[in-house]
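A, B, ... follow the sequence lines: proteins, then strands. Residue 1 opens every chain.
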2 protein chains.
Amino acid sequence: MRADAQRNAVKLREAAADLFQERGLQVSLKEIARRAGVSHGTLYNLFGSREALIDEVIADLAATRLSAAAARALASEDAWAGFAGYLTEVCELQATDPALGDVLTRRFPDASRLMAVCDNSYAATEAIIARAHQDGSLRPDFTASDLLFFLASHAPLARATAATGSDAWRRQITFMLDGLRAPTAVMVEVAALSPEEINRLLIQES
Amino acid sequence: MRADAQRNAVKLREAAADLFQERGLQVSLKEIARRAGVSHGTLYNLFGSREALIDEVIADLAATRLSAAAARALASEDAWAGFAGYLTEVCELQATDPALGDVLTRRFPDASRLMAVCDNSYAATEAIIARAHQDGSLRPDFTASDLLFFLASHAPLARATAATGSDAWRRQITFMLDGLRAPTAVMVEVAALSPEEINRLLIQES
DNA sequence: CGGTAACTTGACCGGGCGGTCAACATGTCT
DNA sequence: AGACATGTTGACCGCCCGGTCAAGTTACCG
């Protein structure tokens with residue numbers, strides 16, 4: 001590989017990392033090239049597809065963060081605390097980093113490394129859940145697939161909420177963990193969104 | 001208004017209603033015109049904007065269905081059952097009718113009648129929640145805004161899930177209502193999605 | 001300092017969208 | 001029947017996307 005191509009690849013990776021984390025994994029490739037100060041033809045030449053670019057730019061990052069969260073969960077003394085902490089942590093990632101939200105929420109079958117990350121992550125959640133099942137703290141009918149479903153549905157709004165600087169998405173986590181029935185409920189500490197705030201969120205949520 | 005314009009308006013309303021309910025309130029206006037067998041120019045001429053078309057086609061439908069659900073909830077003897085039933089019913093609407101999902105989930109500020117429907121619906125939710133607060137069955141920190149947040153995050157995946165014929169989204173409702181902690185958990189009856197099923201859902205979820 | 005291989009570029013393809021408007025067609029009313 | 005108002009049409013605008021490729025440029029090696 002020639003030196004200039006090397007440099008361009010670096011510039012493109014940086015631009016892609018920035019834009020992926022700012023706006024998610026769906027940003028247009030032409031825009032990435034634009035931000036990198038390079039023709040979009042070059043991007044196609046060097047990477048060939050969005051999946052390949054994602055794989056190079058996001059897979060390691062995602063693996064690091066997700067496995068750290070999983071490791072913390074499994075290291076926890078209390079299986080329930082480990083599970084609850086994991087759920088919370090992953091939601092924090094989703095809320096603050098659109099790219100990571102998309103990693104869990106979208107699928108890119110041709111990004112093989114990223115797919116491996118997803119598989120590992122799924123296996124880790126199964127272990128975390130199994131541990132909490134074993135000590136009886138987690139309802140036995142809750143599965144890793146349920147967790148993924150929750151994460152996927154939660155991601156877009158959490159992202160949009162966090163983008164406004166609000167923490168309101170944490171309320172949903174609390175509800176999910178505690179349940180809505182008063183007898184077992186623990187009070188949430190974060191303030192609810194006002195109707196106006198929610199309206200604004202929903203409008204800008206494309 | 002000339003008779004042919006009248007006829008075209010009818011055709012367009014019908015096509016719009018079909019497409020909105022099949023694919024949500026974001027379908028392209030040109031496609032609606034195409035299905036109605038009419039030029040898109042005519043659509044713009046007769047309705048002027050997507051909001052106006054939505055207002056004519058969806059507002060009444062939404063009002064009817066939402067207020068029926070709310071009325072049922074408030075008529076229920078048991079405040080908790082009313083609340084839980086309302087949540088479930090609204091989620092069923094979201095799952096089976098993309099247009100209704102969008103009504104609660106997106107905002108169309110220029111569709112004045114629809115906005116009124118949303119406001120009414122929000123007020124009804126507040127009443128349903130207040131009733132459940134009063135008899136102590138619903139945790140006091142849960143608000144109408146929280147419910148809306150939940151509905152909005154839940155809608156896209158519920159729709160995608162239901163489109164595959166699965167009922168798995170109901171699990172999330174159960175979890176939300178019961179909480180995840182085993183001591184109070186009630187077992188869900190619907191089967192969990194397999195990882196493959198979830199993958200497929202997430203791929204096709206644009 | 002060549003000359004070749006490697007690389008970059010941007011015009012171009014086909015597709016989509018929302019939206020506008022001059023030219024044409026048709027309903028309607030006298 | 002005629003003529004005017006009312007409607008319809010589809011080409012056109014500007015914008016976006018993913019993707020390709022001939023022509024031009026640049027790095028590198030001998």
### Query
With sugar-phosphate meaning primed atoms plus P, OP1 and OP2, does A/N45 contact a base, only sugar-phosphate, or nothing at under 4.0 Å between heavy atoms?
base
### Query
Just checking, is any N or O donor in the side chain of A/T42 or A/N45 under 3.5 Å from an acceptor N or O on the other one?
no
### Message
Need one value for B/S28: base, sugar-phosphate or nothing, where a base atom within 4.0 Å counts as base even if backbone is also close, heavy atoms only.
### Response
sugar-phosphate
### Upstream residue (5' side of DNA chain D) when B/Q6 and A/Y44 are each assigned their closest nucleotide
B/Q6
### Task
Specify the separation, in whole Å, of atom CG of B/L43 and atom P of D/dG7.
15 Å
### Query
For DNA chain C, whose closest nucleotide is more 5', that of B/S49 or that of B/R7?
B/S49
### Query
Taking atom types as they are modelled, is there a donor-acceptor pair under 3.5 Å from the base of D/dG7 to the side chain of B/T42?
no
### Message
Between B/L29 and A/R2, which residue's closest nucleotide on DNA chain C lies nearer the 5′ terminus?
### Response
A/R2
### Task
Before giving the answer on side chain to side chain contact (heavy atoms under 4.5 Å, CB included), spell out for A/T105 and A/L151 the whole-Å C-alpha distance, their side-chain angles and the decisive distance to 0.1 Å.
CA-CA 7 Å; A/T105 272; A/L151 292 173; 5.7 Å; no
### Value rounded to 0.5 Å, distance of CZ in A/F20 from CD1 in A/I58
6.5 Å
### Task
Using the salt bridge (charged side-chain N to carboxylate O under 4.0 Å, His left out) rule, take B/E92 and B/R170 through it: C-alpha gap first, then chi angles, then the decisive distance, then the call.
CA-CA 9 Å; B/E92 279 164 3; B/R170 291 183 188 276; 2.9 Å; yes
### B/K30 (side chain) and D/dG10 (base): donor-acceptor pair under 3.5 Å
no
### Query
Earliest and latest nucleotide of DNA chain C, 5' to 3', sitting under 4.0 Å from a non-hydrogen atom of chain A?
C/dA5 to C/dA11
### Message
For D/dG18, does the base pair up with any side-chain atom of A/H40 as donor and acceptor (N or O, under 3.5 Å, distance only)?
### Response
no
